[in-house]
Amino acid sequence: MTSKRVIELFYDVVSPYSWLGFEVMCRYRHVWNIELKLRPAFLGGVMQGSGNKPPGMVPNKFLYMSKDLNRLAEYFDVPLQTPSDPFDVMFKKGSLTAMRFIAAVQEMEKGGDKQVEQVSRELWRRIWSEDKDITEPASLAEAAMKAGLSDSEIKEVFELSTSKEIKDKLTSTTQDALDHGAFGFPLMVCHVSGKPEMFFGSDRFELMAHCIGEKWLGPQPDKSAAKL
């Protein structure tokens with residue numbers, strides 16, 4: 001058995017394409033010989049730091065994105081639905097508080113990343129499936145509760161999420177993404193023979209598999225394997 005390839009996944013729950021990339025990588029973490037490292041970061045910082053513009057700011061891209069997400073939701077089997085007011089969700093409210101909350105969950109968690117995975121998923125579900133808020137404390141608490149955190153853990157996460165330690169951690173992770181050349185999310189960084197290989201978006205998995213010497217079985221590998 002060769003040593004596991006390390007793949008870092010940089011993401012932000014305000015990004016629907018990040019949700020697709022997140023679910024695929026979580027599905028493949030036990031299919032490919034990889035060690036998946038979740039790297040919650042702040043997309044707003046990456047956009048500003050790279051000088052990029054969100055697709056929603058270009059009218060034709062926004063129209064395409066809405067149709068594209070409907071097709072992708074079915075293909076990836078992820079319950080994506082465009083919020084009633086995506087501009088309010090993505091540009092007015094944003095995700096800074098939510099991503100600090102996730103960073104705090106990750107900082108607290110010992111022995112794995114199951115909680116950060118589940119909290120991230122619940123926050124994505126709130127925005128991109130249920131058209132709910134992720135900025136208010138009650139919203140974050142509800143997501144954390146659904147993810148299985150106890151009341152005492154949620155209270156501790158809230159306290160930690162406003163600390164300088166966590167603010168600096170999220171800033172540092174976002175800078176790491178920029179240092180890899182990020183201009184958006186999801187961003188996968190595969191470490192191959194000591195060299196980082198960057199892949200952007202939720203449509204590069206086949207190429208990434210080729211790069212790390214694995215086989216792409218589609219977005220639902222369990223179903224693909226069952227047909228073989």
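We use all heavy atoms of the structure for the numbers below, so side chains are in, but hydrogens, waters and symmetry mates are not. Keep in mind that this is a model prediction, so the values were computed, not measured. Heads up: numbering here begins at 1 and tracks the sequence.
- Salt bridge present: E142 and R126 bring a charged side-chain N and a carboxylate O closer than 4.0 Å.
- The heavy-atom pair separating S202 from F76 by the smallest distance is O-CZ, 3.5 Å.
- In terms of modelled atom types and a separation under 3.5 Å, the side chain of S129 and the main chain of P79 share a donor-acceptor contact.
- Interatomic distance, CG of L149 versus CD of E156, reported as 10.0 Å (0.5 Å rounding).
- Counting only heavy atoms from C-beta outward, the side chains of L38 and F22 approach each other to under 4.5 Å.
- Remark: the backbone N or O of A147 is not paired with any side-chain donor or acceptor of Q115 at under 3.5 angstrom.
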Test log, rule side-chain contact (heavy atoms from CB on, under 4.5 Å), inputs V116 and D113: CA-CA 5 Å; V116 72; D113 60 6; 3.5 Å; yes

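- The six-membered or imidazole ring of F185 lies away from that of F200, with a centre-to-centre distance of 6.0 Å or more.
- Ring pair F101/F158: centre-to-centre distance below 6.0 Å.
- If you run side chain to side chain contact (heavy atoms under 4.5 Å, CB included) between E8 and each of M198, E35, M25, H180, only H180 comes through.
- For CD of E159, the number of neighbouring non-hydrogen atoms (other residues, nucleotides, ligands) closer than 6.0 Å is greater than 12.
- Each of F62 and Y64 belongs to its own hydrophobic cluster when Ile, Leu, Val, Met, Phe, Trp and Tyr are linked at side-chain heavy-atom distances under 4.5 angstrom.
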Chi angles and distances behind the side-chain contact (heavy atoms from CB on, under 4.5 Å) call for N33, R5: CA-CA 7 Å; N33 185 35; R5 306 279 196 190; 5.9 Å; no

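- When the options L9, V189, D176 are evaluated for a side chain to side chain contact (heavy atoms under 4.5 Å, CB included) with R39, the one that passes is D176.
- Counting heavy atoms from C-beta on, the side chains of F199 and C211 come closer than 4.5 Å.
- With hydrogens and angles disregarded, a donor-acceptor distance shorter than 3.5 Å links the side chain of D85 to the backbone of D88.
- Two residues are said to be in side-chain contact when any heavy atoms from C-beta on lie closer than 4.5 Å; M47 and L43 meet this criterion.
- Taking a cutoff of 4.0 Å between a charged side-chain nitrogen and a carboxylate oxygen, R29 and E117 qualify as a salt bridge.
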Does W128 form a side-chain contact (heavy atoms from CB on, under 4.5 Å) with L69? I'd like the steps, not just the answer. CA-CA 10 Å; W128 291 102; L69 289 175; 4.2 Å; yes

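- When hydrophobic clusters are built by joining Ile, Leu, Val, Met, Phe, Trp and Tyr residues whose side-chain heavy atoms come closer than 4.5 Å, directly or via intermediates, V31 is not grouped with V6.
- More than 12 non-hydrogen atoms from other residues, nucleotides or ligands lie less than 6.0 angstrom from CD of E23.
- When only modelled atom types and interatomic distance are considered, E74 and N70 share no side-chain donor-acceptor pair under 3.5 Å.
- In the model, D131 has a side-chain atom that pairs as donor or acceptor with a side-chain atom of S84 under 3.5 Å.
- Salt bridge present: E197 and K195 bring a charged side-chain N and a carboxylate O closer than 4.0 Å.
- Of all non-hydrogen atoms in A104 and I166, the two that sit nearest each other are CA-CD1, 3.8 Å.
- No donor-acceptor pair under 3.5 Å is formed between the side chain of S172 and the backbone N or O of K169.
- In this structure, CD in Q106 is found 10.0 Å from CG in L170, a value given to the nearest 0.5 Å.
- Under the 4.5 Å side-chain criterion, counting only non-hydrogen atoms from C-beta, E109 is in contact with K114.
- Other residues, nucleotides and ligands contribute more than 12 heavy atoms inside 6.0 Å of the CD atom of E130.
- The structure places CG of L36 at 9.0 Å from NE2 of H30, a figure rounded to the nearest 0.5 Å.
- Using a 4.5 Å heavy-atom cutoff, the side chains of L187 and V46 are not in contact.
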side-chain contact (heavy atoms from CB on, under 4.5 Å) evaluation trace for I102 with Y11: CA-CA 11 Å; I102 294 172; Y11 66 91; 3.9 Å; yes

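- Atom CE of residue M208 and atom NE2 of residue H210 lie 13.0 Å apart, to the nearest 0.5 angstrom.
- Atom CD1 of residue I127 and atom CD1 of residue I134 lie 3.0 Å apart, to the nearest 0.5 angstrom.
- Aromatic ring pairs are classed by plane angle as parallel below 30°, tilted from 30° to 60° and perpendicular above 60°; the pair W19 and W124 is parallel.
- Under a 3.5 Å cut-off, the side chain of Y28 and the backbone N or O of L217 do form a donor-acceptor pair.
- Salt-bridge check for D133 with K93: passed, with a basic side-chain N closer than 4.0 Å to an acidic carboxylate O.
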Is there a side-chain hydrogen bond (donor to acceptor under 3.5 Å, both in side chains) between D12 and S18 once you walk through the steps? CA-CA 7 Å; D12 185 320; S18 285; over 6 Å; no

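- Atom CG of D151 has 12 or fewer heavy atoms from other residues, nucleotides or ligands within 6.0 Å.
- With S139 contributing its side chain and T135 its backbone, the two residues share no donor-acceptor pair below 3.5 Å.
- The two residues V89 and P83 have their closest heavy-atom pair at CG2-CB, 4.0 Å.
- Looking only at atom types and distance, the side chain of N52 has no donor-acceptor partner in the side chain of S50 under 3.5 Å away.
- In this structure, SG on C26 lies 5.5 Å from CZ on R121, to the nearest 0.5 angstrom.
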